[in-house]
Trainee: 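Here it is, the structure in full.
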Amino acid sequence: MSRTETGKRTMYYGKGDVLVYRTFAEPLTEVTRIPESPFTGDGNVIMAMNVKVAVRGEAFLTSFTEGDNSMVVATDSMKNLIIRHAADYEGSTVEGFLYHIAGIFLKKYSHITTIELEADRLPFDGLSVASPDGGWRESGLVFRRSHNDHTSASVVVERAEGGVLTVRKQESLLTGLQLIKVKGSSFAGFIRDEYTTLPETQDRPLFIWLNIGWTYKDEKDAIDPKNGSYAASEQIRDIAHTVFHEANSPSIQHLIYRIGLRILERFPQLAEVRFESNNRTWETVVESVDGSDARVYTEPRPPYGFQGFSMTQEDLAAAAGGEDGEAAAALETAASERSEAPTS
Ligand SMILES: O=c1[nH]c(=O)c2[nH]c(=O)[nH]c2[nH]1
């Protein structure tokens, strides 16, 4: 048995920065409303993505060991396949697009055993124009490229026994969220010893960078969101800033836990939610302008702190079971808000 079959040898190749700009894709409509978010769907007039593909298979071994290219699909061809087949994608999500492309690769090239695809959606925001009746309306044609947070997704699909395609891993993400709360965050009670110079603070301007990832109990909910079980990254984003607004956070660690509970509560169809956060808290230069709340800050000096945390529905059940009184109370508030929220 070769090392590849035991999973020990690393062997893959592919293409990165494959830029796809598909216009007038199928609109995303069947989104279930949540109280934290006005998001109800996406017209998908522009579905722009930066895609990365990697393929694996024992058949590629001789291309590395002998320079035999007879089984090599040129990465340039991979790029062309991805871009051309954006034309026949009939779905409305990045996750679905990746699955569509994975299927085409695996059906076309029988020696590819596993394909890994990831994509960052390049956000284009719709713009308003004055309407003749004196109000405002969506242009629908003109968009502004945004460099804010965006949807990402990844999928690993493999060919199982009998040629059946199996999704081995699938993750949806909100990438590059940057949130500042100018008042109402503390950081105190940490270990004080001979290495400690950081003062305790009851009120810091907490600036966080966040990547949030989530997986579904059934990945079909992400790939084909026809039954309203799609958790849109815009909704995840809105939950994050709502919880940040509501909570007086004692740390980023606890803040992301609270955001995670709310996400799992709102979307019982998710199995896991995962966080990567950075602390980019501004450095205070002027404590108070004329005795008021006004302050002056500057960019923090390096280095920066970070956190990683993942949570499952079991964490939500434990919190709701009362082990964390504060979390349980927050969940009750969230539940009552949900019952009042309109759904679509
Ligand atoms: O939210 C925080 N968590 C930490 O672990 C930490 N450490 C630190 O210096 N500042 C902060 N802030």
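Here, residue 1 is the first one in the sequence, and each next residue gets the next number. Atoms within each ligand, like the ligands themselves, are counted from 1 in listed order.
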Trainee: If you look at every heavy atom in Val94 and Ala153, which pair is closest and at what distance?
Mentor: CG1-CB, 4.0 Å

Trainee: Are the side chains of Asp293 and Ser288 in touch, meaning some heavy atoms are under 4.5 Å apart?
Mentor: no

Trainee: Which residue is it: Tyr109, Tyr13, Tyr12? I am looking for the one with a ring-ring contact (aromatic ring centres under 6.0 Å, His included) to Phe60.
Mentor: Tyr13

Trainee: Is the shortest side-chain heavy-atom distance between Leu270 and Thr215 below 4.5 Å?
Mentor: no

Trainee: Please find out if less than 6.0 Å separates the ring center of Tyr257 from that of His254.
Mentor: yes

Trainee: Would a line drawn from the ring center of Phe275 to the ring center of Phe309 be shorter than 6.0 Å?
Mentor: no

Trainee: When you look for protein heavy atoms under 4.0 Å from ligand 1, which residues do they belong to?
Mentor: Phe187, Leu198, Arg204, Ser251, Ile252, Gln253, Asn279, Gln307

